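The block underneath contains the structure these notes are about, expressed in structure tokens.
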There are 2 protein chains.
Amino acid sequence: MARRADVLDLAVLGLLHDSPLHGYELRKRLATVLGPFRVLSYGTLYPCLKHLSDQGWITSAANDTDPVGGRRARIVYELTAAGKEHFDALVDESGPTSWEDESFGVRFAFFARTPTEVRLRILEGRRSRLEERLDSISTSVARSRERADQYTLELQRHGLESAQREVRWLNELISHERGEQPPTA
Amino acid sequence: MARRADVLDLAVLGLLHDSPLHGYELRKRLATVLGPFRVLSYGTLYPCLKHLSDQGWITSAANDTDPVGGRRARIVYELTAAGKEHFDALVDESGPTSWEDESFGVRFAFFARTPTEVRLRILEGRRSRLEERLDSISTSVARSRERADQYTLELQRHGLESAQREVRWLNELISHERGEQPPTA
DNA sequence: GTTAGCATGTAAGGAGTTACATGATTTT
DNA sequence: AAAATCATGTAACTCCTTACATGCTAAC
């Protein structure tokens, strides 16, 4: 229980690892990590920061010594030693949740601070996940050939191609991680 | 209020448009329409069917005349006249929600029953949406060039490329809809 | 004999959104 | 003068998942 969004925790702790930040700026940077799609609302961000504070992973300090221009005083959040430990523990995990759509991007964004074996496990897990998807698309194409119209087929074709492209991308990354420098690197 | 998942309603009504189905089979076919990722749980599907029934858009009938093999009697859902009207009304809409990630695939899956002008509006809306995304990625790349490591840059590069590919795909589809047969069609 | 597939549902809870509340400053 | 950006937060609500409850048949 009390699982919350581990992915979001990871993203926030990871960003604060570089430098202390206030909520508003944090949200903008989260867009880079979570993908420019899923832009987080404050209704998610602030409760999350409160949670991280309660766990002792970050500290919050009202920065009223520097109210720039006359703007509202910002609350700056900073990673604690316990927070760094927790971040390292999260980064070391490579369970099945690491390679799902929602978390893979975040895990990848912090690869620079992830051990090589963990990186490889995540990349390979992601690749298997996509291969399962390729299988299930092929099966469903075969099953529904008569029923499906041109648009449905086109959608499936496009989905298949996108997944295949991502597999090729992962293959290159995996070769690269193993030190087998591919010609395109 | 009472918005519920309009997208899910559309998907279910659209599938029942072809033929009456029972819940279990419906769920499998939804995987084709919603994408093989997001496989719906029964905890979402059955309440949704109940909702559609309450609105008078579908009827449910216990099919105990045909308990195949001795299997549990299936409950077969069928579209009503009101349901067909509601489906047509949903399909005629081309608001900003049509081209978001969660709904675009479903809207596209029913393009065969969508008027040409609506199809074009949705495809063009989707394209603008992706172009906004391309802009926001470029901006964030520019802003974070120094801060970002190789992995973050690689993630952004891959995101950019995927979005560009989808734009090209949309361009082809739009030309095709306009009757300007592209050489690759 | 046990796993997988067929088949329908409910209850509790988690994750996140939207709308609200508030107000200053900078750009158009 | 209006709109956008900066800045923090809460309350209500929605959508969806997980786990539970039940039981039969076919394949391995």
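Numbered from 1 within each chain, the chains take letters A, B, ... in sequence-line order. Just so we're clear, the structure is a prediction, and the values are computed from it rather than from any experiment. Only this structure's heavy atoms are used, side chains among them; waters, hydrogens and symmetry mates stay out.
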#### Entry: Axis deviation across the helix from dG1(C)-dC28(D) to dT28(C)-dA1(D), five-pair ends, to the nearest 10°
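It works out to 50° between the end axes.
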
### Shared-cluster residues of Val76(A), by chain and number - hydrophobic side chains joined below 4.5 Å
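Val76(A) clusters with nothing; isolated.
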
### Message
Which residues end up grouped with Leu134(A) if you chain together Ile, Leu, Val, Met, Phe, Trp and Tyr wherever their side-chain heavy atoms are less than 4.5 Å apart?
### Response
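Besides Leu134(A), the cluster holds Phe104(A), Phe108(A), Phe111(A), Val118(A), Leu120(A), Ile122(A), Leu123(A), Leu130(A), Ile137(A), Val141(A), Leu160(A), Val167(A), Trp169(A), Leu170(A), Leu173(A), Ile174(A), Tyr151(B), Leu155(B).
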
### Task
Please collect all salt bridge (charged side-chain N to carboxylate O under 4.0 Å, His left out) contacts where either partner lies in residues 41-53 of chain B, sequence neighbours excluded, each pair once.
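Counting only pairs at least two positions apart or across chains, the salt bridge (charged side-chain N to carboxylate O under 4.0 Å, His left out) contacts touching residues 41-53 of chain B are Lys50(B)-Asp54(B).
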
### Task
Only counting residues at least two apart or in another chain, list the ones meeting ring-ring contact (aromatic ring centres under 6.0 Å, His included) with His86(A).
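His86(A) satisfies ring-ring contact (aromatic ring centres under 6.0 Å, His included) with Trp57(A) once adjacent residues are dropped.
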
### Hphob cluster co-occupancy, Ile75(B) + Tyr42(B), side-chain heavy atoms under 4.5 angstrom
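As far as the 4.5 Å side-chain criterion goes, Tyr42(B) and Ile75(B) are connected within one cluster.
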
With a cut-off of 3.5 Å and sequence neighbours excluded, list every side-chain donor-acceptor pair involving residues 12-21 of chain A.
from     : atom 1 : to        : atom 2 : distance (Å)
Asp18(A) : OD1    : Arg113(A) : NH1    : 3.4

Quickly work out the [X] [atom1] to [N] [atom2] distance and round it to whole Å.
X: Asp101(A); N: dT17(D); atom1: CG; atom2: P; answer: 13 Å
X: Leu49(B); N: dT8(C); atom1: CG; atom2: P; answer: 9 Å
X: Arg74(B); N: dC24(D); atom1: CZ; atom2: P; answer: 17 Å
X: Lys28(B); N: dA4(C); atom1: NZ; atom2: C1'; answer: 13 Å
X: Leu52(A); N: dA15(C); atom1: CG; atom2: P; answer: 13 Å
X: His51(B); N: dT14(D); atom1: NE2; atom2: C1'; answer: 13 Å
X: Glu102(A); N: dT17(D); atom1: CD; atom2: C1'; answer: 12 Å

### Message
Contact list please: residues 18-27 of chain A against DNA chain D, heavy atoms, distance less than 4.0 Å, in numerical order.
### Response
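Those residues whose heavy atoms fall under 4.0 Å from DNA chain D, taken from residues 18-27 of chain A in numerical order, are His22(A), Gly23(A), Tyr24(A).
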
### Task
For Thr80(B), check side-chain contact (heavy atoms from CB on, under 4.5 Å) against everything at least two apart and list the hits.
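Thr80(B): side-chain contact (heavy atoms from CB on, under 4.5 Å) contacts with Thr59(B), Ala82(B).
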
### Qualifying residues under side-chain contact (heavy atoms from CB on, under 4.5 Å), relative to Ser41(A), sequence neighbours excluded
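Thr44(A).
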
### Query
Would you say the side-chain atoms of Ser140(A) and Gln156(A) include a donor-acceptor pair closer than 3.5 Å?
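Indeed, the side chains of Ser140(A) and Gln156(A) share at least one donor-acceptor pair under 3.5 Å.
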
### Task
Could you list the residues that satisfy salt bridge (charged side-chain N to carboxylate O under 4.0 Å, His left out) with Arg168(B), not counting sequence neighbours?
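In terms of salt bridge (charged side-chain N to carboxylate O under 4.0 Å, His left out), with neighbours along the sequence ignored, Arg168(B) is linked to no residue.
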
### Query
OP1 or OP2 of dT10(C) less than 4.0 angstrom from a side-chain nitrogen or oxygen of Lys50(B), does that happen here?
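Result: no.
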
For nucleotides 17-21 of chain C, tabulate all protein N/O to nucleotide N/O atom pairs closer than 3.5 Å, reporting atom names and distance.
from    : atom 1 : to       : atom 2 : distance (Å)
dT17(C) : OP2    : Ser41(A) : N      : 3.4
dT17(C) : OP2    : Ser41(A) : OG     : 2.9
dT17(C) : OP2    : Thr44(A) : OG1    : 2.8

### Task
Can you figure out which of dC6(C), dG9(C), dG9(D) approaches the side chain of Tyr46(B) most closely?
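Taking heavy atoms from C-beta onward, the closest nucleotide is dG9(C).
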
### Listed partners of Glu124(B) passing side chain to side chain donor-acceptor pair (under 3.5 Å), at least two apart
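Residues passing side chain to side chain donor-acceptor pair (under 3.5 Å) with Glu124(B): Arg178(B).
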
